[in-house]
There are 2 protein chains.
Amino acid sequence: MVNSQTAGVNSQAADRQPVPPSGAGPGPGAGPGGRGRGRGRPRSFDRETALEKAVLAFWEHGYEATSVSGLTEVMGIGAPSLYAAFGDKRSLFEEVVNAYGTRYGSFCGRALAEEPTARAAVERLLREAAAEYTEPGRPHGCLIIHAATNCTTPEVEASLRARRNADIAAVEDRIRAGVAAGELPADTDTAALARHTGAMLQGMSQQARDGAARQELEALAELATRIWPRP
Amino acid sequence: MVNSQTAGVNSQAADRQPVPPSGAGPGPGAGPGGRGRGRGRPRSFDRETALEKAVLAFWEHGYEATSVSGLTEVMGIGAPSLYAAFGDKRSLFEEVVNAYGTRYGSFCGRALAEEPTARAAVERLLREAAAEYTEPGRPHGCLIIHAATNCTTPEVEASLRARRNADIAAVEDRIRAGVAAGELPADTDTAALARHTGAMLQGMSQQARDGAARQELEALAELATRIWPRP
DNA sequence: GCGTTTCCCTAACGGTCGCTACAGAAAAAA
DNA sequence: TTTTTTCTGTAGCGACCGTTAGGGAAACGC
């Protein structure tokens, strides 16, 4: 009665893949949209640009407070185009979170991977977070931390929570590697140090949202590194 | 056309005062509601009990995600009774925040006021926060920190933000007093220490929401105090 | 040119939101 | 008792939510 179709899930099988695994470069076809060759009319908007707008919207207002009509407005497309290109709101948000991670959150992984010691890695992580969280011209703080607190959709909340805990686990892995390498005492409480790093990141993100300036967050980062065992 | 009344603000001038400044004790009249003597039918529910339920609901789900229908359900009253007793959703939330502060957040002010030194005050503040934020049988974390992030009503978000910043300012006042008393070096960066304390509280609150146990938060609190100038 | 395929726009769906008119019930005051 | 005042339950308001038919319009392969 409500939906006389098969099961009313989704009738049009649009492309909807997060990112087509095309070869290197911007891909074939310089036209707008340009996702290789299709049979019919090509998309009239740039998917990546629209996704970036969605990232900024979700980043600033969070999952719930960002309405689909608000999304269509900032993305410059109609609701049916949004649903055809990204699926429903949740899958768009999922894609947004991934895009955020690669475009804005990559400094975390880089700091952990590129620095020679665990201590230097965490120091750089916190220092760069102070800058990232207060970068002018974009929302302050971290999307992963703030976009899905107090959410009526528990799965969304749980997904970001899992991401946060995974990030802390990554820090702990790096610290453990430092202990194994002999940089840190063998009895170092790696879990506590990692959790402390995560708590500092989360506190800094909240402070950034509450109006703290970059210098203040950097002072915070500097303070936080004092707890480490003397080198 | 929409509202043929005067301005449609509020027709019934119910009592709606947050807490009647009655004398000490539970007040006159042991009956349910018992707000002195009124002329008509007395309220059939206990206002304080209902408010406490609202505190827990807002605490757990936040301002936006707590619907009025959800509130009426947990409070055990109908929507008109809620509006007559507490005004609209926002003023109820305001009252909830105040009630939370006096019933669950008072440990902050006590720690700052009762300890002999600034360092001991902050240490106790963090240690007790670890316990408060993970207390079984009630929502984890802090309502002030989490109930109005990503809010479609900017005033509500701003109100809690102001409260957080005021709390940090209170910590800084205590630290400054410690400097003035000679407990701490005269060149102590009081603002940074206070902000660090606030960031730790916020990080601990988020960790509590993300599933951290009391012991883990206590380890965090212990770590955080290492940054203080040696006594 | 053709037909086909896909996209975009308008409009609307059912559901929930915060909020309230209205009438009836209940208790205090007379 | 009667009168007056207030509370409570039903039922519904308009607005917005996320989501989707359905009908042109546009660009492809041929």
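Here is how names work: the chains are called A, B, and so on, in the same order as the sequence lines, proteins then strands, and each is numbered from 1.
- In this structure, the nucleotide among C:dT4, D:dT4, C:dC19 sitting nearest to the side chain of B:R39 is D:dT4.
- A cation-pi arrangement, defined by a distance under 6.0 Å to the six-membered ring centre and an angle within 45 degrees of its axis, is absent between B:K89 and B:F58.
- Within 6.0 Å of CD on B:E135 lie more than 12 heavy atoms contributed by other residues, nucleotides or ligands.
- One can place NZ of A:K89 at 12 Å from C1' of D:dT19, the figure rounded to the nearest angstrom.
- Nucleotide C:dC19 holds its P atom 10 Å from the CG atom of B:L92, rounded to whole Å.
- For B:E128, the CD atom is densely surrounded, since the number of other residues' heavy atoms within 6.0 Å is greater than 12.
- Rounded to whole Å, the distance from CZ on B:F86 to C1' on D:dC7 is 14 Å.
- For A:R43, the side-chain atoms get nearest to C:dC8 when compared with the rest of C:dA21, D:dT19, C:dC8.
- Taking the centre and axis of the six-membered ring of B:F107, the NZ or CZ atom of B:R110 falls outside the cone set by 45° and 6.0 Å.
- A side-chain donor-acceptor contact under 3.5 Å links A:T152 and A:E64.
- Both tests do not hold together for A:R103 against A:Y100: distance to the six-membered ring centre under 6.0 Å, angle to the ring axis within 45°.
- For A:Y83, taking side-chain heavy atoms from C-beta onward, the closest of the listed nucleotides C:dA21, C:dC7, D:dT20 is D:dT20.
- Taking atom CZ on B:F93 and atom P on C:dC19, their separation rounds to 14 Å, with Å as the unit.
- Atoms CD1 (B:I77) and P (D:dT10) sit 14 Å apart, rounded to a whole Å.
- Of the candidate nucleotides D:dT19, C:dA25, C:dG18, C:dA25 has the atom nearest to the side chain of B:R41.
- Judged by distance alone, the side chains of B:Q202 and A:Q202 never bring a donor and an acceptor atom under 3.5 Å apart.
- Atom CD of B:E73 and atom P of C:dT16 are 13 Å apart (whole Å).
- Of the residues in residues 61-71 of chain A, A:T66, A:S67, A:V68, A:S69 come within less than 4.0 Å of DNA chain D through at least one heavy atom, sorted by number.
- Distance CZ (A:F58) to P (D:dG18): 9 Å, rounded to an integer number of Å.
- Rounded to an integer number of Å, the gap from B:R90 CZ to C:dG18 C1' is 13 Å.
- Proximity of B:S44 to the phosphate of D:dC7: no side-chain N or O atom is located under 4.0 Å from OP1 or OP2.
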